[in-house]
Each structure stands twice: as structure tokens, then as C-alpha cells.
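Only one structure is covered here, and it is reproduced in the block below.
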Amino acid sequence: MKSFSYLSALDVGTALRTIADSGDVKFLAGGTNLVDLMREGIEHPATVVDITRLPLDGIEELPDGTLRVGALVSNSQLAANPLIRTRYPVLAKAILLGASAQLRNMATVGGNLLQRTRCMYFYDEASACNKRVPGSGCDAIGGFSRGSAVLGASEHCVATHPSDMAVALVLLDAVVEVESVRGVRRIPVADFHREPGDTPHIETVLAADELITAVELPPVPVAANSRYRKVRDRASYAFALVSVAAALAVEDGRITEVRLALGGVATKPWRARIAEELLLGAEATDESFARAAAAELAPALPQSDNAFKIDLAQRTVVAVLRTLNAERSAS
């Protein structure tokens, strides 16, 4: 590992001026896997800035009902917040299924959004990986691809995005607030992460001189009836093979509002817009759920080891929507 300087920022202005003065800076806060990547020789920042003491660890309700969550709010703090648990249960559940209690105590909202893929080829310096070394190739294509993406992939990268929290945030139309010396910018979470295309090493729309300062959750009444289901190889501490975040409203047997997002199957947190459009106004039946899920997964392009994800995702969508409909009827 090459040598690097380590700085501690006590205010946002100092942090922003530091990155404005250097183009090779990384922020250190609970939640990202930066230290792991530096240890593995994948990340090589010249300067690491510790931002853990910045005043970005509060949760505030704004006059319009929006919840403003500071970037340094821990995952545990967010999942335990009463407003999150009652208004956005899908988010609380996604966080609780994301990691062990110890990791949730350290992981932050901003760090979670910026974590990088857990693709084995990304971590293996002996393998070709366009995320790690642009232009080197992708050994996951044609290699062991059980965990790879079937949606949003390209000929240059098939790595999945690992975050559970981000899937729920996409469902909720959350907005990321970022700041630089040039001012403040607000980015919908749905647009924050990029599909790989021919530049898989560029994973977000965050500029090099920007710092995530907060995430805003708008009022989403339908989210009171929401759920997150995670399908994985073992019951705990494993990344999703398939995950589904869903919210549903039904009147007189027909769907009046629905939101769907998928994890574990795509190169970014995946909002299932095709399925949502087909479900709106449809009867709340397994047949409608299955038809919409099949349409969403129709563009999927599996590798040799992960075709099962397509059927698994469809069946999980149906199961989650069925459960939400049953719970609504019983309430």
C-alpha cells in the first residue's frame, strides 16, 4: 500500500476545502468498506479524511413531513427511530436484514450508499475487473456468476450492488443531499447510482469534490403498508441473491398505489417501474402480481450460473405483494 495522509475534519467546510485542494481524497466514516479496499490494495487514496465528528448525525422532521436524515446517522439509529418504524417499515426492515448488530452500530447512511460491490473478482487482484482496473476485462462474465446481476449489466460488468438500505430508499423516492465548495445539490436516490455501461469504475453521479450530507425521505403514505424480503444463502450476514421492497394500497379489490424495488439482481438498486405500471389499477391477485413481475424481469440477461434469479425474483415479488394484500385485508 502506498503512503497516504490522514486528516480529521471538525466541520463540513474544512472537509470540503480539503477535497477541493486535492483530487485524490476519500472520506472515512462508518459504513463504507474503504479500509478493507485499502488493505486489499484496491483503493489508493493520497488523503483520507475522517468525518465521523461532523455534525451530520441527526434526524429532523421538516414542516412538510419530510424526514431529513444526516449522513452520519448510524444504521441502528435509523432503524430504531419511531417515525421510520411507523412511516417507513420497509426501510427499518431492510436495515435490520442488512448486517449484524455490531456493523449496524458503525455503518452510516452516507457510507451505506457509497459501499462498493462484493463481487469476488473485484476483490481478487489476479482477476480481470473493469471496476478495479478500467479496460482490463470482466472475469465474472463466463466465470462463476451465481451472485452476478441479471438486470442493468453490460458487456463490461455484471457486478451487483450490495446495499439493502438503498433498495428501500429507491422505493421511497428518497433524495440525497450533497455539498461541495460550489454549493448544495439534491439527487434522487434512483439516479444516484449508475449502471456500468462502458465505465463500470464510475459507480455514482457524485462529483469528486462532493460530500453526502443528508438523505431526505418525503411523505409516502402508502409506505405504512410496506415490506422488505431478502432471499439469501444463509439466514444471516449474507448478501441478497434476491430482495424485494414493496408498498401496496388496494381499494375494492383493485390496486390504487404500488411501489416495487429489487435488490440482488441488478447493478444498482432497481426500481421496478414496468411492474408498477402494469399493476396500477389491476386486480390484487396472484395472477396480476405474477404477470407484472414477469414483465419486469423480461429484459433480464442471465449468466451461466444465475438464471435461477429470474424465477426467484418473480416468485418473491408475488409472495411479498400477496402478504401485503393479506395484511391490509386483515387490518
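Remark: Arg68 engages Glu177 in a salt bridge, criterion side-chain N to carboxylate O under 4.0 Å. The pair Arg271-Asp173 meets the salt-bridge criterion, with a side-chain N (NZ, NE, NH1 or NH2) lying under 4.0 Å from an Asp/Glu carboxylate O. In this structure, Lys131 pairs ionically with Glu203, as a charged nitrogen and a carboxylate oxygen lie closer than 4.0 Å. A salt bridge links Arg227 and Glu327; the closest N-O separation between the charged side-chain nitrogens and carboxylate oxygens is under 4.0 Å. The residues Glu276 and Arg259 are annotated as not salt-bridged, no charged nitrogen and carboxylate oxygen being separated by less than 4.0 angstrom.
Here Asp191 contributes atom CG and Thr204 contributes atom OG1; the two are 12.0 Å apart, rounded to the nearest 0.5 Å. Taken to the nearest 0.5 Å, the OG1 atom of Thr213 stands 8.5 Å off from the CG atom of Leu16. How far CG of Leu151 is from CG of Leu297: 5.5 Å, rounded to the nearest 0.5 Å. With values rounded to the nearest 0.5 angstrom, Ile310 atom CD1 is found 8.0 Å from Leu301 atom CG. Note: Ile84 CD1 to Gln77 CD = 10.0 Å, rounded to the nearest 0.5 Å. Atoms CG and CZ, on Leu97 and Arg229 in that order, are 10.5 Å from each other to the nearest 0.5 Å.
Between Ala168 and Ala245, the shortest heavy-atom distance links the atoms CA-CB, 4.4 Å. For the residue pair Ala166 and Pro269, the shortest heavy atom distance occurs at CB-CG, 3.6 Å. The two atoms that bring Gly98 and Asp164 nearest to each other are CA-OD2, 3.3 Å, heavy atoms only. Here the closest heavy-atom approach between residue His161 and residue Leu113 is recorded as NE2-O, 4.1 Å. What you find for Ser288 and Glu283 is that their closest heavy atoms are OG-O, 2.8 Å. The minimum heavy-atom distance between Ser163 and Asn112, with the atom names listed, is OG-OD1, 2.5 Å.
When hydrophobic clusters are built by joining Ile, Leu, Val, Met, Phe, Trp and Tyr residues whose side-chain heavy atoms come closer than 4.5 Å, directly or via intermediates, Leu278 is not grouped with Leu248. If you chain together hydrophobic residues whose side chains sit under 4.5 Å apart, Phe192 and Val73 fall into the same group. A continuous path of hydrophobic side-chain contacts links Val318 to Val150 [ILVMFWY only; heavy atoms under 4.5 Å]. There is a path of hydrophobic side-chain contacts, each under 4.5 Å, that joins Val320 to Val250. Both Met165 and Leu206 are part of a single hydrophobic cluster, where members link through side-chain heavy atoms under 4.5 Å apart.
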Glu216 and Arg186: CA distance, side-chain angles, deciding distance, salt bridge (charged side-chain N to carboxylate O under 4.0 Å, His left out) verdict: CA-CA 9 Å; Glu216 292 183 352; Arg186 299 174 76 253; 2.3 Å; yes
Could you walk me through whether Ile187 and Val205 satisfy the side chain to side chain contact (heavy atoms under 4.5 Å, CB included) test, starting with their C-alpha distance in whole Å, then the side-chain angles of each, then the deciding distance to 0.1 Å, before giving a yes or no? CA-CA 9 Å; Ile187 308 164; Val205 298; 3.9 Å; yes
Would you sort out whether Thr160 and Trp270 count as a side chain to side chain contact (heavy atoms under 4.5 Å, CB included), showing the intermediate values? CA-CA 10 Å; Thr160 53; Trp270 194 264; over 6 Å; no
Begin from the C-alpha positions of Val12 and Leu56 and carry the test side chain to side chain contact (heavy atoms under 4.5 Å, CB included) through to its verdict. CA-CA 9 Å; Val12 174; Leu56 302 174; 4.2 Å; yes
Kindly determine whether Tyr88 and Leu78 satisfy side chain to side chain contact (heavy atoms under 4.5 Å, CB included), including the steps that lead there. CA-CA 11 Å; Tyr88 313 104; Leu78 186 61; over 6 Å; no
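Of the possible donor and acceptor atoms, one in the side chain of Asn33 sits under 3.5 Å from a partner among the backbone N and O of Arg116. Judged purely by atom type and a 3.5 angstrom limit, Thr66 has no side-chain atom pairing as donor or acceptor with the backbone of Pro218. Of the possible donor and acceptor atoms, none in the side chain of Glu296 sits under 3.5 Å from a partner among the backbone N and O of Ala293. Lys268 contributes a side-chain N or O that, together with a main-chain N or O of His193, makes up a donor-acceptor pair within less than 3.5 Å. In this structure, Arg132 contributes its side chain and Ser127 its backbone to a donor-acceptor pair below 3.5 Å. Side-chain atoms of Lys230 do not come within 3.5 Å of backbone N or O of Phe239 as any donor-acceptor pair. Although no hydrogens or angles enter the test, the distance criterion places no donor-acceptor pair under 3.5 Å between the side chain of Thr199 and the main chain of His201. Panel note: side chain Thr86, backbone Pro82; a donor-acceptor pair is recorded below 3.5 Å. Using a distance-only test at 3.5 Å, with no hydrogens or angles considered, no donor-acceptor pair links the side chain of Ser154 to the main chain of Pro196. The closest donor-acceptor contact from the side chain of Glu210 to the backbone of Ala207 lies under 3.5 Å.
Side-chain contact annotation: Asn306 with Ser145, donor-acceptor N/O pair under 3.5 Å absent. Thr256 and Glu251 share no donor-acceptor pair across their side chains, judged by distance under 3.5 Å alone. Under 3.5 Å, the side chains of Tyr121 and Asn130 contain no donor-acceptor pair of N or O atoms. Side-chain contact of Ser243 with Tyr228: a donor-acceptor pair under 3.5 Å is present, judged by distance alone. There is a side-chain donor-acceptor pair under 3.5 Å between Asn105 and Ser76.
Annotation for Asp252: atom CG does not count as buried by contact number, only 12 or fewer foreign heavy atoms lying within 6.0 Å. Within a 6.0 Å radius of CZ in Arg85, other residues, nucleotides and ligands contribute 12 heavy atoms or fewer.
In this view, Glu61 and Arg87 satisfy the salt bridge (charged side-chain N to carboxylate O under 4.0 Å, His left out) rule, not counting sequence neighbours.
Counting heavy atoms from C-beta outward, Pro162 and Gln115 have side chains that approach closer than 4.5 Å. In this structure, Glu43 and Pro45 have side chains that are in contact, with non-hydrogen atoms separated by less than 4.5 Å. At a threshold of 4.5 Å between non-hydrogen side-chain atoms, the residues Leu54 and Leu211 count as touching. Looking only at side-chain heavy atoms (C-beta outward), Leu279 and Leu260 come within less than 4.5 Å of each other. In this structure, Cys157 and Thr267 have side chains that are not in contact, with every pair of non-hydrogen atoms separated by 4.5 Å or more. Residues Val215 and Leu67 have side chains not in contact (no heavy-atom distance under 4.5 Å, counting atoms from C-beta outward). With contacts defined as side-chain heavy-atom distances shorter than 4.5 Å, the pair Val178/Val184 does not qualify. Residues Leu103 and Met106 fail the side-chain proximity criterion, which asks for heavy atoms closer than 4.5 Å.
Asp286 pairs with exactly one of Arg322, Arg291, Arg315 by the salt bridge (Lys or Arg N to Asp or Glu O under 4.0 Å) rule, that one being Arg322. Checking each of Val317, Thr316, Val242 against Leu262 for a side-chain contact (heavy atoms from CB on, under 4.5 Å) leaves exactly one that passes, namely Val317.
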